[in-house]
2 protein chains.
Amino acid sequence: MPPKPKTEFERQQLRTLIMDAARELFVSRGVEAVTMREIAKRIGYSATSIYLHFADKEALIRAICDTDFLALADALKNNLAITDPVERMLAFGRGYAQFALNYPNHYRMMFMTEHPPCDPAHSCIQQNNAEQDAYFQLKTVINEVFLAGKFKSDLKDPDLIAQTVWAGMHGVCALQISMANDIWVNWAGIEQRLQMMQLTLMRGLMRD
Amino acid sequence: MPPKPKTEFERQQLRTLIMDAARELFVSRGVEAVTMREIAKRIGYSATSIYLHFADKEALIRAICDTDFLALADALKNNLAITDPVERMLAFGRGYAQFALNYPNHYRMMFMTEHPPCDPAHSCIQQNNAEQDAYFQLKTVINEVFLAGKFKSDLKDPDLIAQTVWAGMHGVCALQISMANDIWVNWAGIEQRLQMMQLTLMRGLMRD
DNA sequence: ACGTTAATTTAACAACGTTAAGTTATTTTG
DNA sequence: CAAAATAACTTAACGTTGTTAAATTAACGT
């Protein structure tokens, strides 16, 4: 069990071992409910060992988030191949929602809890890289629809359109994640709500 | 320091004293960051005393949420007086967003964190009472626009419309609360984003 | 006057994130 | 080749947290 000087590669390897174990636990039970000791036990190390690789729990979460943003961008990448700009936009939205609902604890971690902002300086993600930056993908997808002249003529800021589309899809996903079990509300099916949101956004944004 | 047998009214009074202190702290720093001991000190009691009135921290949060839903319904009530159904709907949406952005920690507590569902059985709020149930208000407001025949003719489920409108506004507010400080995104002004969402929902839902 | 009871507090527990101090084995150096 | 330095790791421990059990205090009913 004891110590050998490790190569940089081995350190990286342990780092991602920790992150993978932590992610698995976070995803299944949420960030708050998972303890550092538990993560450590999972990989046969002591809790304190984690602190040799991450400053604190927050930093660990942040690091995981970071790679998850990569995963999101990767999951959405496929849709970019679709040729028709409008079809592409729709598929992109569906993909986004699918990610959110397939990995609700990820999604909560990434978009629904406030952690110190994702500083591009300390992130491994290259901002404005289409392979890595999902928000850049969204902007691009929207902008291409914009350039094709498909949006209503009085809409002149593609970034504002992108943020509106994002907010619409996020709203459906976030309410689903936080409030789906609330019996107060007689929820329509999530699939129906997603489709309705996409339909509404389309009609509200696109030229007749 | 000393105990007297208390009347039911005095018990209620202490209960709300606890809730008010807790709310104030929760609102200014968020639920997680506030400790039971701190709440107790604020009102000159011992931490354990809180447990004579609330089963645990979660129950305290839930109780506060409950009265905050009342506050939301109360804040939105004014808008119901507006006569034109469409104007009323727009004002209602603005009011909702105002509440969310004025009391972000409340809003987070109410709509962005998963707590065991708001069981109508254990809530002091009367479901489907227009004075108390904000979601019922929303349904009513939407339904009146629906009955006035203002929505697109293929939209036949007012509840689904209500949930879509809610999701849209919630999306803008929730992203603002969680991600406004994220420098990754070049956010448009929140006022602009809200207006854009309302415009888009209007255009997407209403008959031409 | 006295025991019962309710309101409250103090002490204590187990668990958490985290830090300090130790342990062990390898590498470097004299 | 022995000794010192170093890296990887663990055990112990600290301060806080939510919460529970036990002790304290004061009013009430008889």
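Chain letters run A, B, ... following the sequence lines, proteins first and then strands; every chain starts at 1. Keep in mind that the numbers below use all heavy atoms, side chains included, and drop hydrogens, waters and symmetry copies.
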- [ ] Find the distance B/Glu32:CD to D/dT17:C1' and express it as a whole number of Å.
- [x] 12 Å
Task: Interatomic distance, B/Gln12 CD vs C/dA7 P [rounded to whole Å] - done: 13 Å
Task: Protein-nucleotide distance (B/Phe54, atom CZ; C/dT8, atom C1'), rounded to Å - done: 16 Å
Task: N/O donor-acceptor pair under 3.5 Å between B/Arg108 side chain and B/Gly30 backbone - done: no
- [ ] State whether a side-chain donor-acceptor pair under 3.5 Å links B/Trp166 with B/Tyr135.
- [x] no
Open item on the list: Heavy-atom nearest nucleotide on DNA chain C for A/Glu38 versus B/His53: which residue maps closer to 5'?
Closed with: B/His53
Open item on the list: What is the distance, to the nearest angstrom, from the CG atom on A/Leu14 to the P atom on D/dA8?
Closed with: 10 Å
- [ ] Using whole Å, report how far CD1 of B/Ile50 lies from C1' of D/dT19.
- [x] 11 Å
Open item on the list: Side-chain N or O of A/Ser49 versus OP1/OP2 of D/dT10: is the shortest distance under 4.0 Å?
Closed with: yes
Task: Nearest non-hydrogen partners of A/Arg23 and A/Thr67, listed with the distance - done: NH1-OG1, 3.0 Å
Open item on the list: Which nucleotide wins on minimum distance to the side chain of B/Ser46, given the candidates D/dT19, C/dT18, C/dT10?
Closed with: C/dT10
Task: Length of the line joining B/Tyr45:OH and C/dT9:P, which is rounded to integer Å - done: 7 Å
Open item on the list: Of the listed nucleotides (D/dT17, D/dT10, C/dT8), which one gets closest to any side-chain atom of B/Arg37?
Closed with: D/dT17
Open item on the list: For B/Lys57 and A/Leu52, find the nucleotide of DNA chain D closest to each by heavy atoms; which residue's nucleotide sits nearer the 5' end?
Closed with: A/Leu52
Open item on the list: Could you go through B/Phe146 and B/Leu155, starting from their C-alpha distance and side-chain angles, then the distance that decides it, and tell me whether this counts as side-chain contact (heavy atoms from CB on, under 4.5 Å)?
Closed with: CA-CA 9 Å; B/Phe146 181 77; B/Leu155 302 180; 5.5 Å; no
Task: Donor/acceptor link under 3.5 angstrom from A/Thr48 side chain onto base of C/dT18 - done: no
Open item on the list: Under 4.0 Å, counting only non-hydrogen atoms across every strand here, what does A/Thr35 touch: a base, just sugar-phosphate, or nothing?
Closed with: sugar-phosphate
- [ ] Give A/Leu60 one of three labels, base, sugar-phosphate or nothing, depending on what nucleic acid heavy atoms sit under 4.0 Å from its own.
- [x] nothing
Open item on the list: Whole angstroms only, please: what is the OH-C1' distance between B/Tyr51 and C/dT10?
Closed with: 15 Å
Open item on the list: Ignoring hydrogens, what is the shortest heavy-atom contact between B/Gly168 and A/Met197? Give both atom names and the distance.
Closed with: N-CE, 3.6 Å
- [ ] Provide, to the nearest angstrom, the distance between the CD1 atom belonging to A/Ile39 and the C1' atom belonging to C/dA15.
- [x] 15 Å
Task: Base-pairing assignment for D/dT30 (Watson-Crick or G-U wobble, both under 3.5 Å) - done: C/dA1
